[in-house]
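Below, each value reflects all heavy atoms present in this structure, side chains not excepted, and no hydrogens, waters or symmetry copies. Start at 1 with the first residue, then count along the sequence. Remember, it's 1-based here, ligands and their atoms both numbered in the order they're listed.
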Amino acid sequence: MGENSLPADGGRRRLVGTRRLLVAGALGVLGTVTALSASVPAGAAAGTLGAAAAQSGRYYGAAIAAGHMSDSAYVATWDREFNAVTPENEMKWDATEPSRGSFRFTSADQIVSHAQSKGMKIRGHTLVWHNQLPSWVSGLSTSDLRSAMVNHINTVMGHYKGKIYAWDVVNEAFADGGAVGTLRSSVWTQKLGNGFIEEAFRAARAADPSAKLCYNDYNIDNATASKTLGVYNMIKDFKARGVPIDCVGLQSHLSSGSVPSNYQQNIAQFAALGVDVQITELDVGGSGSAQADAYRRVTQACTAVPRCTGITVWGVTDKYSWRSGDTPLLFDGNYTKKQAYTAVLDALNAATPNTSPSPNTSPSPNTSPSPNTSPSPTRSPVTGACSAAIETTNSWPGGFQSTVTVRAGSAAVNGWTVKWTWPGGQSISSLWNGTQSVSGSSVTVRNTDYNGSIAAGSSTTFGFTANGTAATPSVTCTSP
Ligand code: 9MR
């Protein structure tokens with residue numbers, strides 16, 4: 001599906017598509033801005049983007065690249081102006097798991113620890129995407145790919161557990177053309193089918209229940225575009241079936257004059273599904289007052305909707321932007337504030353306080369709840385050199401997800417077998433990081449070729465989703 005694949009330049013051609021999709025004109029609110037700014041009581045206006053956003057309970061973030069952190073003006077501007085961050089490339093699959101099972105977090109850790117030291121919110125970007133995916137992933141069989149996806153989610157989210165405000169769990173899965181709901185053809189759809197999105201979200205909830213889980217995409221800024229409606233329908237379906245999802249990310253790579261007239265309506269209609277909305281990769285090509293007007297409209301659209309919880313611009317300075325030729329950011333190449341900066345600051349300062357901040361990962365009233373039940377793990381007696389503990393990490397009507405931790409005793413283990421018996425007719429629908437054999441209600445799971453060796457005192461995990469009522473049967477572990 002060539003028309004759906006990304007161009008080699010990392011997506012620059014999408015902007016053409018964006019322009020085609022977006023409704024022209026639509027700058028009718030300009031006249032209101034001065035009046036809004038003027039209504040801010042003297043002394044109430046904050047002087048930086050982060051502080052201004054915080055007044056209404058929101059964040060204002062920037063994408064940050066670890067490679068630029070040696071530029072002191074870059075870091076100084078980030079620290080001064082922003083209270084949130086998204087690593088621009090450092091958490092992507094090619095950066096974090098360049099070869100199977102071998103994880104690297106150095107660059108991402110650099111951004112995370114800096115952000116933490118400044119009390120910033122951190123958005124995790126991104127776990128499952130067709131782009132910046134190392135070639136070893138595309139070569140896997142269906143069952144290996146499923147295991148690799150869940151293992152990647154578990155390991156990356158596990159590494160940052162408790163530190164991430166929101167994760168872009170799945171990025172850019174919808175196609176730019178075709179009927180409403182058409183997914184982009186990728187290794188994910190080809191091998192796992194369209195259900196890969198749901199599988200990823202279920203695994204993500206189990207991996208870090210404290211993080212908000214977002215679906216993130218571009219060209220979903222226009223409320224009536226078919227791509228937008230496809231995402232809208234997916235979220236509605238997830239909420240109705242209790243598939244965990246907390247937020248939608250509108251990337252909003254825009255150009256001056258191309259902010260859709262229904263942009264605020266779009267945010268509001270997503271929010272009405274019971275998810276937060278975040279503007280995740282905002283940049284607006286252009287300059288001067290036209291660019292400032294577009295930024296102002298985007299900001300006002302977010303602050304007008306209580307569940308629009310924050311905005312992230314895709315970079316600090318034009319000079320490092322992925323589309324620097326379009327000068328799309330709020331600071332020029334010398335870190336001088338542009339007209340667009342002032343427009344954003346004024347719009348943030350004019351926002352009325354957000355009185356209904358959304359609780360973390362709460363189900364909306366119109367959904368079947370998907371509680372994160374975490375009863376204390378049932379531990380097996382140590383019968384051999386290993387022990388196993390099973391816990392329910394998610395459940396929903398008619399199904400559940402479990403994680404089994406296999407631990408070596410005082411000696412290293414080379415190969416392990418975990419067994420249990422289902423108490424009430426449960427059945428595994430999908431298992432990762434193990435190989436299963438089932439006989440009636442008896443289940444046997446053995447290690448795969450990559451996780452059989454466990455050092456003394458260390459552990460590995462496997463997991464599964466299952467049909468039926470959540471259960472934590474007693475499990476045994478033996479090692480040859
Ligand atoms: O800004 C990122 C750029 O440095 C990378 O080269 C590019 C590679 O795909 O990804 C850019 O970020 C993208 C983001 O991760 C997802 N949405 C589109 C962004 C711009 O292409």
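Heavy-atom proximity to E281, at under 4.0 Å, picks out these atoms of ligand 1: 14 (C), 16 (C), 17 (N), 18 (C), 19 (C). Here is the list of ligand 1 atoms found below 4.0 Å of a heavy atom in E88: 1 (O), 2 (C), 3 (C), 4 (O). Which parts of ligand 1 touch W129 is read off a 4.0 Å heavy-atom cut-off, strictly below it: atoms 9 (O), 15 (O), 16 (C). When each atom of ligand 1 is checked for a heavy atom of N171 under 4.0 Å away, the hits are 16 (C). For ligand 1 and H253, the ligand atoms under 4.0 Å from any heavy atom of the residue are 18 (C), 19 (C). Taking every heavy atom of N131 and a limit of under 4.0 angstrom, the matching atoms of ligand 1 come to 9 (O).
Taking the centre of each ring, H152 and W93 come in below the 6.0 Å mark. In this structure, Y215 has its ring center no closer than 6.0 Å to that of F238. Between W167 and H125, the gap from one ring centroid to the other reaches at least 6.0 Å.
Geometrically, ligand 1 and K92 share a nitrogen or oxygen pair separated by less than 3.5 Å.
The main-chain N or O of L282 is never found under 3.5 Å from a side-chain atom of Q251 such that the two would form a donor-acceptor pair. Between the side chain of S113 and the backbone N or O of D109 there is at least one donor-acceptor pair closer than 3.5 Å.
W322 and D283 share a donor-acceptor pair across their side chains, judged by distance under 3.5 Å alone.
If you look at W314 next to ligand 1, the close heavy atoms, those under 4.0 Å, all belong to the side chain. If you look at N216 next to ligand 1, there are no close heavy atoms at all, none under 4.0 Å.
Distances from ligand 1 to the non-hydrogen atoms of H125 include at least one value under 4.0 Å.
With salt bridges taken as basic N to acidic carboxylate O contacts below 4.0 Å, none links R297 and D293.
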